[in-house]
K.L.:
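The structure is given below, and queries will be raised subsequently.
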Amino acid sequence: MLTSRRWRNKAWRELEAGAERQARDKQNNRLLDQWKLNGIKVKDLSVNAANNKQVIQDKMDYDKGYKNRLETRKMENEILHKEVREYKTSKYMKQKDQESGLKTKMIKMNPFKEKINKESLENATQFRNRQNKSARVQPDHTEFEADRYGMGTMGEETNLLNIEDDANEQQNRLNLMMDMEA
């Protein structure tokens, strides 16, 4: 009996040792699994951290680039506005010069205008005198006299055309005198 007891004790101890070994192996396996999971989590977290760091770095670079681009655009805008102001100023000055040149030409042309106006007045007076004279001298031939002075049977239209021709002729004389003066 003693041997069986020993054998039982030995078997019991071996069973207990086996159970302990099995529990230890299970615990070690769980710890290994947990270590692997933690390693994966650490890798995930490190990749996420690196990605977040890169995203933040990209945003900071973009913001810095935006500030630089903004400054560049502001400078370009200032230059453009300055050029526009200079262009407008030059056009304004050119217009002022043109206006002053025209004023001086107009002042120089005043004597010619007076001369042309005087000639027109004299021509109109001569025409009126001739018309009055012819009306007194030949009352029966009014149609003939009217034709002579551009007032034929066609009426007012012919008279207006003759007046327009006279105005064009005077304008041509005026342009010729201006060309000679310039």
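Note that the structure is predicted; figures quoted are calculated from it, not measured. One-based numbering along the sequence shown.
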K.L.:
Using a cut-off of 6.0 Å, state whether more than 12 heavy atoms not belonging to Glu99 lie near its atom CD.
P.N.:
yes
K.L.:
Rounded to the nearest 0.5 Å, what's the gap from OG on Ser90 to CZ on Arg85? Could you check?
P.N.:
13.0 Å
K.L.:
Mind listing the side-chain donor-acceptor pairs of residues 10-24 below 3.5 Å, one per line with the distance, residues two or more places apart or on another chain?
P.N.:
unit_1: Trp12; atom_1: NE1; unit_2: Glu16; atom_2: OE2; d: 2.5

K.L.:
Starting at CD of Gln126, measure out to CG of Asn123 and round the result to the nearest 0.5 Å.
P.N.:
5.5 Å
K.L.:
State the NZ-CG distance between Lys36 and Asn29, to the nearest 0.5 angstrom.
P.N.:
8.5 Å
K.L.:
Hey, what do you get for CD1 (Ile56) to CG (Asn51), rounding to the nearest 0.5 Å?
P.N.:
11.0 Å
K.L.:
When rounded to the nearest 0.5 angstrom, what distance separates OH in Tyr92 from CG in Asp97?
P.N.:
11.0 Å
K.L.:
Apply side chain to side chain contact (heavy atoms under 4.5 Å, CB included) to Gln57 and Tyr62, showing your working.
P.N.:
CA-CA 8 Å; Gln57 186 63 40; Tyr62 178 80; over 6 Å; no
K.L.:
Would you give me the side-chain donor-acceptor pairs under 3.5 Å for residues 73-80, sequence neighbours excluded?
P.N.:
unit_1: Asn77; atom_1: OD1; unit_2: His81; atom_2: NE2; d: 3.2

K.L.:
Give me each pair satisfying salt bridge (charged side-chain N to carboxylate O under 4.0 Å, His left out) with a member in residues 43-67, each pair once, sequence neighbours excluded.
P.N.:
Lys59-Asp63
K.L.:
In Å and rounded to the nearest 0.5 Å, what is the CG to NZ distance from Asp33 to Lys26?
P.N.:
12.5 Å
